[in-house]
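Quick note on labels: first sequence line is chain A, next is B, and so on, each numbered from 1.
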Amino acid sequence: MTAAPHSPRPASPDPHPTAAHPAHLHRAVAEWYAAHARDLPWRAADATGWSVLVSEVMLQQTPVARVEPVWRAWLAAWPTPADLAAAPVADVLRAWGRLGYPRRALRLRDAAAAIVAAHDGEVPLDLDTLRALPGIGEYTAAAVAAFAYGRRAVVLDTNVRRVLTRVLDGEALPAPSLTSAERTRAAAVLPRDPAAAARWSVGIMELGALVCTARAPSCTACPVAGACAWRAAGYPPDPHAHRRRVQAWHGTDRQARGRLLGAVREAGGVVPDAVLGLAWPEAEQRERALATLVADGLLVSRDDGYALP
DNA sequence: AACCCGGGGGC
DNA sequence: GCCCCAGGGTT
(Lines give C-alpha, C1' and ligand atoms only; values in the text may rest on other atoms or scores of the structure.)
Protein backbone atom coordinates (compact mmCIF):
# COMPACT_ATOMS: atom_id res chain seq x y z
CA MET A 1 0.00 0.00 0.00
CA THR A 2 1.40 3.30 -1.06
CA ALA A 3 1.05 6.08 1.44
CA ALA A 4 -0.69 9.13 0.16
CA PRO A 5 1.58 12.13 -0.14
CA HIS A 6 1.50 14.72 2.57
CA SER A 7 -1.19 17.35 2.38
CA PRO A 8 -3.31 15.80 -0.32
CA ARG A 9 -5.55 18.23 -2.05
CA PRO A 10 -8.45 16.35 -3.49
CA ALA A 11 -10.23 17.66 -6.49
CA SER A 12 -11.27 21.14 -5.71
CA PRO A 13 -12.94 22.65 -8.77
CA ASP A 14 -10.07 24.12 -10.70
CA PRO A 15 -11.01 27.31 -12.55
CA HIS A 16 -8.33 26.51 -15.09
CA PRO A 17 -8.29 22.75 -15.35
CA THR A 18 -5.11 21.55 -16.95
CA ALA A 19 -6.18 18.70 -19.13
CA ALA A 20 -3.72 15.88 -19.49
CA HIS A 21 -3.08 16.70 -23.10
CA PRO A 22 0.16 15.14 -24.25
CA ALA A 23 1.48 18.44 -25.55
CA HIS A 24 1.07 20.05 -22.16
CA LEU A 25 2.69 17.09 -20.43
CA HIS A 26 5.56 17.06 -22.89
CA ARG A 27 6.34 20.71 -22.33
CA ALA A 28 5.99 20.53 -18.54
CA VAL A 29 8.22 17.47 -18.23
CA ALA A 30 10.83 18.88 -20.60
CA GLU A 31 11.08 22.10 -18.63
CA TRP A 32 11.26 20.26 -15.34
CA TYR A 33 13.94 17.92 -16.66
CA ALA A 34 16.06 20.79 -17.93
CA ALA A 35 16.07 22.28 -14.45
CA HIS A 36 16.25 19.21 -12.23
CA ALA A 37 17.82 16.25 -14.02
CA ARG A 38 20.69 14.47 -12.33
CA ASP A 39 24.08 14.80 -13.94
CA LEU A 40 24.63 11.13 -14.70
CA PRO A 41 27.73 10.09 -16.65
CA TRP A 42 25.88 7.98 -19.20
CA ARG A 43 23.93 11.10 -20.13
CA ALA A 44 27.07 13.11 -20.93
CA ALA A 45 27.63 14.42 -24.43
CA ASP A 46 30.38 11.85 -25.03
CA ALA A 47 28.13 8.89 -24.24
CA THR A 48 28.26 6.10 -26.81
CA GLY A 49 25.98 3.27 -27.73
CA TRP A 50 28.21 1.03 -25.71
CA SER A 51 28.37 3.22 -22.61
CA VAL A 52 24.60 3.62 -22.65
CA LEU A 53 24.05 -0.10 -23.18
CA VAL A 54 26.29 -0.93 -20.22
CA SER A 55 24.44 1.56 -18.04
CA GLU A 56 21.04 0.19 -19.00
CA VAL A 57 21.98 -3.39 -18.24
CA MET A 58 23.48 -2.42 -14.90
CA LEU A 59 20.40 -0.39 -14.07
CA GLN A 60 18.09 -3.38 -14.50
CA GLN A 61 16.80 -3.72 -10.95
CA THR A 62 19.78 -1.90 -9.45
CA PRO A 63 19.56 1.71 -8.23
CA VAL A 64 21.56 4.49 -9.87
CA ALA A 65 23.67 5.21 -6.81
CA ARG A 66 25.11 1.71 -6.78
CA VAL A 67 25.60 1.51 -10.53
CA GLU A 68 27.57 4.69 -11.07
CA PRO A 69 30.97 3.71 -9.60
CA VAL A 70 30.85 0.25 -11.16
CA TRP A 71 29.89 1.74 -14.52
CA ARG A 72 32.91 4.09 -14.41
CA ALA A 73 35.33 1.29 -13.64
CA TRP A 74 33.73 -0.98 -16.22
CA LEU A 75 33.97 1.55 -19.06
CA ALA A 76 37.55 2.34 -18.06
CA ALA A 77 38.47 -1.34 -18.24
CA TRP A 78 36.43 -2.20 -21.34
CA PRO A 79 35.74 0.94 -23.39
CA THR A 80 34.42 -0.99 -26.38
CA PRO A 81 32.41 -4.19 -26.93
CA ALA A 82 35.54 -5.84 -28.33
CA ASP A 83 37.38 -5.18 -25.07
CA LEU A 84 34.69 -6.83 -22.98
CA ALA A 85 34.27 -9.73 -25.39
CA ALA A 86 37.96 -10.53 -24.96
CA ALA A 87 37.95 -10.31 -21.15
CA PRO A 88 38.17 -13.38 -18.89
CA VAL A 89 34.85 -14.21 -17.26
CA ALA A 90 36.47 -14.10 -13.84
CA ASP A 91 37.55 -10.50 -14.39
CA VAL A 92 34.07 -9.61 -15.58
CA LEU A 93 32.39 -11.11 -12.53
CA ARG A 94 34.78 -9.40 -10.16
CA ALA A 95 34.17 -6.06 -11.88
CA TRP A 96 30.43 -6.63 -11.59
CA GLY A 97 30.99 -6.89 -7.86
CA ARG A 98 27.86 -6.72 -5.75
CA LEU A 99 25.46 -5.22 -8.26
CA GLY A 100 23.36 -8.35 -8.02
CA TYR A 101 21.90 -10.65 -10.66
CA PRO A 102 25.39 -11.58 -11.88
CA ARG A 103 24.02 -13.39 -14.89
CA ARG A 104 23.57 -9.90 -16.30
CA ALA A 105 27.35 -9.62 -16.41
CA LEU A 106 27.65 -12.82 -18.41
CA ARG A 107 24.92 -11.76 -20.79
CA LEU A 108 26.53 -8.37 -21.26
CA ARG A 109 29.77 -10.08 -22.20
CA ASP A 110 27.86 -12.38 -24.56
CA ALA A 111 26.14 -9.35 -26.05
CA ALA A 112 29.54 -7.74 -26.59
CA ALA A 113 30.73 -10.88 -28.35
CA ALA A 114 27.65 -10.87 -30.60
CA ILE A 115 28.18 -7.19 -31.37
CA VAL A 116 31.75 -7.96 -32.43
CA ALA A 117 30.80 -11.07 -34.38
CA ALA A 118 27.69 -9.84 -36.15
CA HIS A 119 27.73 -6.04 -36.04
CA ASP A 120 31.32 -5.06 -36.70
CA GLY A 121 31.84 -4.08 -33.08
CA GLU A 122 29.23 -1.33 -33.16
CA VAL A 123 26.17 -1.34 -30.91
CA PRO A 124 23.18 -1.65 -33.27
CA LEU A 125 20.72 1.21 -33.74
CA ASP A 126 17.79 -0.91 -34.78
CA LEU A 127 15.26 -1.92 -32.15
CA ASP A 128 14.84 -5.51 -33.31
CA THR A 129 18.57 -6.02 -33.69
CA LEU A 130 19.17 -4.71 -30.20
CA ARG A 131 16.35 -6.84 -28.87
CA ALA A 132 18.03 -9.98 -30.24
CA LEU A 133 21.16 -9.46 -28.12
CA PRO A 134 21.53 -11.52 -24.91
CA GLY A 135 20.14 -9.74 -21.87
CA ILE A 136 18.50 -7.01 -23.97
CA GLY A 137 14.73 -7.04 -23.58
CA GLU A 138 12.03 -4.62 -24.66
CA TYR A 139 12.95 -1.93 -22.20
CA THR A 140 16.71 -1.97 -22.71
CA ALA A 141 16.47 -2.09 -26.50
CA ALA A 142 14.18 0.94 -26.47
CA ALA A 143 16.35 2.80 -23.99
CA VAL A 144 19.50 2.32 -26.05
CA ALA A 145 17.76 3.25 -29.29
CA ALA A 146 16.31 6.39 -27.73
CA PHE A 147 18.99 7.58 -25.36
CA ALA A 148 22.10 6.62 -27.31
CA TYR A 149 20.85 7.17 -30.82
CA GLY A 150 17.88 9.52 -30.56
CA ARG A 151 15.51 7.13 -32.24
CA ARG A 152 11.80 7.09 -31.50
CA ALA A 153 11.09 4.16 -29.19
CA VAL A 154 8.59 3.38 -26.45
CA VAL A 155 10.67 3.38 -23.28
CA LEU A 156 8.52 1.76 -20.65
CA ASP A 157 10.20 1.03 -17.33
CA THR A 158 8.87 0.95 -13.80
CA ASN A 159 9.13 4.74 -13.49
CA VAL A 160 7.31 5.51 -16.71
CA ARG A 161 4.63 2.98 -15.88
CA ARG A 162 4.04 4.51 -12.47
CA VAL A 163 3.88 8.11 -13.68
CA LEU A 164 1.54 7.32 -16.56
CA THR A 165 -0.67 5.21 -14.33
CA ARG A 166 -0.99 7.99 -11.81
CA VAL A 167 -1.38 10.91 -14.17
CA LEU A 168 -3.60 9.27 -16.77
CA ASP A 169 -5.37 6.42 -14.98
CA GLY A 170 -5.69 7.92 -11.53
CA GLU A 171 -4.36 4.82 -9.85
CA ALA A 172 -1.57 4.64 -7.30
CA LEU A 173 0.53 1.97 -8.99
CA PRO A 174 0.51 0.02 -12.23
CA ALA A 175 -0.54 -3.61 -12.47
CA PRO A 176 2.01 -6.16 -11.26
CA SER A 177 2.94 -7.05 -14.82
CA LEU A 178 3.08 -4.87 -17.91
CA THR A 179 -0.07 -5.02 -20.02
CA SER A 180 -0.48 -4.54 -23.74
CA ALA A 181 -2.89 -1.70 -23.04
CA GLU A 182 -0.17 0.13 -21.16
CA ARG A 183 2.21 -0.29 -24.06
CA THR A 184 -0.37 0.99 -26.53
CA ARG A 185 -1.09 3.99 -24.36
CA ALA A 186 2.59 4.75 -23.83
CA ALA A 187 3.04 4.69 -27.60
CA ALA A 188 0.05 7.01 -28.03
CA VAL A 189 1.46 9.70 -25.75
CA LEU A 190 4.98 9.51 -27.20
CA PRO A 191 5.90 12.65 -29.13
CA ARG A 192 6.09 12.18 -32.88
CA ASP A 193 9.45 13.82 -33.30
CA PRO A 194 12.24 11.35 -32.41
CA ALA A 195 14.33 13.82 -30.43
CA ALA A 196 11.27 15.04 -28.54
CA ALA A 197 10.29 11.43 -27.87
CA ALA A 198 13.69 10.67 -26.35
CA ARG A 199 13.50 13.81 -24.19
CA TRP A 200 10.02 12.84 -23.04
CA SER A 201 11.10 9.34 -22.13
CA VAL A 202 14.14 10.33 -20.15
CA GLY A 203 12.19 13.16 -18.55
CA ILE A 204 9.29 11.07 -17.37
CA MET A 205 11.68 8.40 -16.12
CA GLU A 206 13.58 10.99 -14.14
CA LEU A 207 10.34 12.40 -12.81
CA GLY A 208 9.37 8.96 -11.58
CA ALA A 209 12.77 8.44 -10.00
CA LEU A 210 12.97 11.78 -8.20
CA VAL A 211 9.43 13.11 -7.65
CA CYS A 212 6.70 10.62 -8.49
CA THR A 213 8.30 7.90 -6.39
CA ALA A 214 6.61 4.70 -5.36
CA ARG A 215 6.59 5.30 -1.62
CA ALA A 216 6.29 9.00 -0.94
CA PRO A 217 5.75 11.15 -4.02
CA SER A 218 6.58 14.84 -3.76
CA CYS A 219 3.55 16.20 -5.53
CA THR A 220 4.34 19.76 -4.51
CA ALA A 221 7.46 19.50 -6.67
CA CYS A 222 5.74 17.85 -9.61
CA PRO A 223 5.40 19.76 -12.88
CA VAL A 224 2.27 17.82 -13.86
CA ALA A 225 0.50 17.72 -10.50
CA GLY A 226 -2.23 19.94 -11.92
CA ALA A 227 -2.95 17.36 -14.59
CA CYS A 228 -2.63 14.28 -12.39
CA ALA A 229 -5.72 12.07 -12.23
CA TRP A 230 -4.50 10.27 -9.11
CA ARG A 231 -4.08 13.56 -7.28
CA ALA A 232 -7.41 14.84 -8.53
CA ALA A 233 -9.10 11.69 -7.23
CA GLY A 234 -7.66 12.20 -3.75
CA TYR A 235 -4.91 9.58 -3.93
CA PRO A 236 -6.94 6.37 -3.83
CA PRO A 237 -4.95 3.35 -2.64
CA ASP A 238 -3.27 0.84 -4.93
CA PRO A 239 -6.02 -1.30 -6.50
CA HIS A 240 -3.54 -4.11 -7.18
CA ALA A 241 -2.15 -4.30 -3.66
CA HIS A 242 -3.76 -7.65 -2.92
CA ARG A 243 -2.00 -9.22 -5.91
CA ARG A 244 1.53 -8.17 -5.12
CA ARG A 245 3.79 -10.81 -3.76
CA VAL A 246 7.04 -10.06 -2.05
CA GLN A 247 9.83 -12.36 -3.01
CA ALA A 248 11.26 -14.15 -0.03
CA TRP A 249 14.94 -13.72 0.64
CA HIS A 250 16.25 -15.13 3.90
CA GLY A 251 17.10 -18.78 3.55
CA THR A 252 16.25 -18.95 -0.15
CA ASP A 253 18.35 -20.42 -2.91
CA ARG A 254 18.91 -16.90 -4.16
CA GLN A 255 20.54 -15.90 -0.89
CA ALA A 256 22.60 -19.09 -0.90
CA ARG A 257 23.77 -18.48 -4.45
CA GLY A 258 24.68 -14.92 -3.67
CA ARG A 259 26.66 -15.80 -0.61
CA LEU A 260 28.49 -18.68 -2.28
CA LEU A 261 29.35 -16.74 -5.42
CA GLY A 262 30.40 -13.83 -3.24
CA ALA A 263 32.77 -16.04 -1.29
CA VAL A 264 34.46 -17.21 -4.49
CA ARG A 265 34.43 -13.76 -6.06
CA GLU A 266 36.12 -12.11 -3.11
CA ALA A 267 38.73 -14.86 -2.88
CA GLY A 268 41.36 -15.67 -5.44
CA GLY A 269 41.62 -19.00 -7.20
CA VAL A 270 39.91 -22.14 -5.94
CA VAL A 271 37.81 -21.91 -2.80
CA PRO A 272 37.79 -25.27 -0.97
CA ASP A 273 34.53 -27.04 -0.22
CA ALA A 274 35.22 -26.66 3.49
CA VAL A 275 35.26 -22.87 3.15
CA LEU A 276 32.04 -22.90 1.17
CA GLY A 277 30.55 -25.05 3.91
CA LEU A 278 31.17 -22.19 6.28
CA ALA A 279 29.65 -19.70 3.86
CA TRP A 280 26.40 -21.72 3.64
CA PRO A 281 26.20 -24.50 6.22
CA GLU A 282 23.02 -26.22 5.04
CA ALA A 283 24.50 -28.95 2.85
CA GLU A 284 21.63 -29.89 0.58
CA GLN A 285 20.79 -26.33 -0.32
CA ARG A 286 24.47 -25.47 -0.70
CA GLU A 287 25.02 -28.25 -3.20
CA ARG A 288 21.92 -27.30 -5.13
CA ALA A 289 23.00 -23.68 -5.27
CA LEU A 290 26.52 -24.58 -6.40
CA ALA A 291 25.10 -26.81 -9.12
CA THR A 292 22.92 -24.02 -10.48
CA LEU A 293 25.81 -21.56 -10.34
CA VAL A 294 27.88 -23.97 -12.42
CA ALA A 295 24.97 -24.50 -14.81
CA ASP A 296 24.67 -20.74 -15.20
CA GLY A 297 28.36 -20.40 -16.02
CA LEU A 298 29.06 -18.37 -12.89
CA LEU A 299 31.30 -20.98 -11.24
CA VAL A 300 33.41 -23.93 -12.29
CA SER A 301 33.94 -27.05 -10.22
CA ARG A 302 37.49 -28.04 -9.38
CA ASP A 303 38.98 -31.04 -7.58
CA ASP A 304 37.97 -30.04 -4.08
CA GLY A 305 36.35 -26.69 -4.52
CA TYR A 306 35.00 -24.05 -6.86
CA ALA A 307 36.44 -21.13 -8.79
CA LEU A 308 35.31 -18.36 -11.09
CA PRO A 309 35.24 -19.43 -14.73
C1' DA B 1 1.20 -16.10 -16.71
C1' DA B 2 4.21 -17.59 -13.18
C1' DC B 3 8.54 -18.19 -11.48
C1' DC B 4 13.45 -17.49 -10.86
C1' DC B 5 17.27 -14.49 -10.33
C1' DG B 6 21.01 -10.28 -5.75
C1' DG B 7 21.83 -6.95 -2.97
C1' DG B 8 21.51 -2.74 -0.62
C1' DG B 9 19.37 1.27 1.28
C1' DG B 10 15.28 4.13 2.69
C1' DC B 11 11.72 4.24 5.65
C1' DG C 1 11.15 -5.68 8.87
C1' DC C 2 9.21 -4.34 4.55
C1' DC C 3 9.54 -2.45 0.09
C1' DC C 4 11.64 -0.79 -3.94
C1' DC C 5 14.94 -0.50 -7.50
C1' DA C 6 16.10 2.33 -15.71
C1' DG C 7 14.14 -6.14 -16.18
C1' DG C 8 15.11 -10.40 -18.63
C1' DG C 9 14.91 -15.37 -19.40
C1' DT C 10 12.71 -19.72 -18.88
C1' DT C 11 8.93 -22.88 -18.53
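Nucleotides C/dT11 and B/dG6 are separated by 16 Å at their P atoms, to the nearest Å. When the P atom is used for both B/dC11 and C/dA6, the distance is 14 Å, rounded to whole Å. Rounded to the nearest Å, the gap between the C1' atom of C/dC5 and that of B/dC5 is 14 Å.
The side chain of A/Thr158 places no N or O atom within less than 4.0 Å of a non-bridging phosphate oxygen (OP1 or OP2) of C/dA6.
Not a single donor-acceptor contact under 3.5 angstrom links the side-chain atoms of A/Arg215 to the base of B/dC11.
Rounded to an integer number of Å, the gap from CG of A/Leu210 to P of C/dC5 is 13 Å. Rounded to whole Å, atom P of C/dC5 lies 14 Å from atom CG of A/Leu156. A/Arg257 places its CZ atom 14 Å from the C1' atom of B/dG7, with the value rounded to the nearest Å. Atom pair A/Leu53:CG and C/dA6:C1' shows a separation of 13 Å (rounding to whole Å applied). Taking atom CZ of A/Arg66 as the reference point, atom P of B/dG6 lies 13 Å away to the nearest angstrom. Rounded to whole Å, atom P of B/dG6 lies 12 Å from atom CD of A/Gln61. With rounding to whole Å, A/His250 atom NE2 is found 8 Å from C/dG1 atom C1'. Taking atom NE2 on A/His240 and atom P on C/dC4, their separation rounds to 13 Å, with Å as the unit.
Partner of A/Leu290 under the side chain to side chain contact (heavy atoms under 4.5 Å, CB included) criterion, chosen from A/Leu261, A/Leu276, A/Val264: A/Leu276. Partner A/Arg257 forms a side chain to side chain contact (heavy atoms under 4.5 Å, CB included) with one of A/Thr252, A/Thr292, A/Leu299 and no other, that one being A/Thr292.
Residues A/Pro81 and A/Ala112 come closest through the heavy atom pair O-CB, 3.4 Å.
The partner of B/dG6 is absent, by the rule that a Watson-Crick or G-U pair needs both atom distances under 3.5 Å.
The pair A/Glu206-A/Arg43 counts as a salt bridge, with a side-chain nitrogen and a carboxylate oxygen less than 4.0 angstrom apart. Using a 4.0 Å cut-off between charged side-chain N and carboxylate O, A/Glu282 and A/Arg286 make no salt bridge.
Take the nearest nucleotide of DNA chain B for A/Arg98 and for A/Asp296: the residue whose nucleotide is more 5' is A/Asp296. Place A/Leu178 and A/Leu261 on DNA chain B by their nearest nucleotides, and A/Leu178 ends up nearer the 5' end. Both A/Arg38 and A/Arg107 lie near DNA chain C, and the one whose nearest nucleotide falls closer to the 5' end is A/Arg38. For the pair A/Thr62 and A/Ile136, nearest-nucleotide mapping onto DNA chain C gives the more 5' position to A/Thr62.
Of the candidates B/dG6, C/dG7, B/dC5, the closest approach to any side-chain atom of A/Asp253 belongs to B/dC5. Counting only heavy atoms from C-beta on, A/Arg265 has its side chain closest to B/dG7 among C/dA6, B/dG7, C/dC5. Of the candidate nucleotides B/dG6, B/dC5, B/dG8, B/dG6 has the atom nearest to the side chain of A/Pro102. Nearest nucleotide to the side chain of A/Pro63, out of B/dG7, C/dG7, C/dG9: B/dG7. Here the side chain of A/Tyr101 is nearest to one of B/dG6, C/dC4, C/dA6, namely B/dG6.
Within 4.0 Å of A/Gly100, counting heavy atoms only, lies at least one base atom of the nucleic acid. Backbone-only engagement by A/Arg162 is indicated by non-hydrogen atom pairs under 4.0 Å involving sugar-phosphate atoms exclusively. When heavy atoms are screened at a 4.0 angstrom cut-off, A/Thr140 is found touching the sugar-phosphate backbone but no base atom. Note on A/Leu40: a base of the nucleic acid sits closer than 4.0 angstrom, heavy atoms only. A/Arg161 comes within 4.0 angstrom of nothing in the nucleic acid, heavy atoms only. Nucleic acid contact class of A/Gln247 (heavy atoms, under 4.0 Å, all strands): base. Residue-level contact check: A/Trp96 touches neither bases nor backbone, having no heavy atom under 4.0 Å from any strand.
In the hydrophobic clustering of this structure, A/Phe147 groups with A/Tyr149; members are Ile, Leu, Val, Met, Phe, Trp, Tyr whose side-chain heavy atoms approach within less than 4.5 Å, directly or through other members.
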Discussion item. Checking A/Arg131 against A/Asp126 for the salt bridge (Lys or Arg N to Asp or Glu O under 4.0 Å) test, could you report, in this order, the C-alpha distance in whole Å, the side-chain angles of both residues, the deciding distance, and whether it holds?
Written reply: CA-CA 8 Å; A/Arg131 181 70 180 76; A/Asp126 176 71; over 6 Å; no
